[in-house]
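Just so it is clear, the model here is predicted, and its values are computed rather than measured.
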Amino acid sequence: MMTSEEFFKLAQTKVAEYNNNNPLLPAVSWKNVFIVWYAKNYKGHEALLEIPNEGDVRYFDVSYDEDEGYLYLDVYSMRDKLRHKINEG
């Protein structure tokens, strides 16, 4: 069974490797990949990560299925940023 700390390092390493395979982006160390959100559930681990590259608006959803032994890496790019005024009161 993988600990949370082991999952964090594995997820950060896989995101850094994915990023570093793109020659147009600056290389990053796994230590510079930030965990934004994390949850442990009955089947494994899941985290949302980001890389602080200027102008980079990608997020990485990494999940580990302990039953199957697979790590999944989903990459998301922000397409739109919407602003809504909420009237309170």
Side-chain angles (χ1 to χ4, degrees):
M1 184 184 230
M2 185 179 298
T3 68
S4 296
E5 290 76 20
E6 291 169 331
F7 172 74
F8 295 158
K9 185 172 181 183
L10 179 61
Q12 290 169 299
T13 299
K14 291 300 181 185
V15 169
E17 288 173 358
Y18 176 85
N19 180 82
N20 295 344
N21 282 330
N22 185 336
L24 301 176
L25 296 173
V28 296
S29 164
W30 69 269
K31 295 178 183 180
N32 292 329
V33 177
F34 295 106
I35 298 168
V36 177
W37 173 85
Y38 167 75
K40 170 78 172 98
N41 59 42
Y42 67 95
K43 287 188 75 177
H45 304 266
E46 185 168 4
L48 185 63
L49 300 95
E50 73 169 340
I51 299 172
N53 290 336
E54 188 171 330
D56 189 351
V57 290
R58 293 176 301 159
Y59 286 92
F60 304 87
D61 182 355
V62 181
S63 56
Y64 176 65
D65 184 332
E66 289 181 344
D67 292 341
E68 300 293 326
Y70 284 103
L71 184 81
Y72 298 93
L73 172 61
D74 300 326
V75 182
Y76 299 96
S77 292
M78 182 176 61
R79 193 180 93 192
D80 297 314
K81 183 174 184 176
L82 305 175
R83 181 178 168 186
H84 298 277
K85 174 74 172 161
I86 307 299
N87 295 327
E88 294 185 18

With a 4.5 Å cut-off on side-chain heavy-atom distances among I, L, V, M, F, W and Y, is there a chain of contacts connecting [X] to [Y]?
X	Y	value
W37	F60	no
L25	Y76	no
L73	Y64	yes
L48	V15	no

Residue set satisfying side chain to side chain contact (heavy atoms under 4.5 Å, CB included) with S77, at least two apart, ordered chain then number -> R58
Residues in side chain to side chain contact (heavy atoms under 4.5 Å, CB included) contact with Y42, at least two apart in sequence or another chain: none
Enumerate the residue pairs fulfilling salt bridge (charged side-chain N to carboxylate O under 4.0 Å, His left out) with a member in [range], sequence neighbours excluded, ordered by first and then second residue.
range	answer
residues 27-40	K40-E66
residues 3-14	K14-E17
residues 41-50	K43-D65

Minimal non-hydrogen separation, D80 against M78, with atom names: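 Between these two residues, the closest heavy atoms are O-CG, 3.5 Å.
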Looking only at heavy atoms, which two atoms of P26 and N19 are closest? And how far apart?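 Reported closest heavy-atom pair: O-ND2, 3.0 Å.
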Residue of the set V62, V33, I51 for which side-chain contact (heavy atoms from CB on, under 4.5 Å) holds with Q12: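 Among V62, V33, I51, the one that satisfies the side-chain contact (heavy atoms from CB on, under 4.5 Å) with Q12 is V33.
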Who pairs with F8 by ring-ring contact (aromatic ring centres under 6.0 Å, His included), at least two apart in sequence or on another chain?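 Once residues adjacent in sequence are excluded, the partners of F8 under the ring-ring contact (aromatic ring centres under 6.0 Å, His included) criterion are Y38.
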Could you walk me through whether L71 and F7 pass side chain to side chain contact (heavy atoms under 4.5 Å, CB included), step by step? CA-CA 10 Å; L71 184 81; F7 172 74; 3.9 Å; yes
State the CG-CZ distance between L49 and F34, to the nearest 0.5 angstrom. 10.5 Å
For the pair H45 (side chain) and M2 (backbone), establish whether a donor and an acceptor sit closer than 3.5 Å, ignoring hydrogens and angles.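 Side chain of H45 to backbone of M2: a pair is present.
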The complete set of side chain to side chain donor-acceptor pair (under 3.5 Å) pairs with one or both residues in residues 20-30, sequence neighbours excluded, reads none
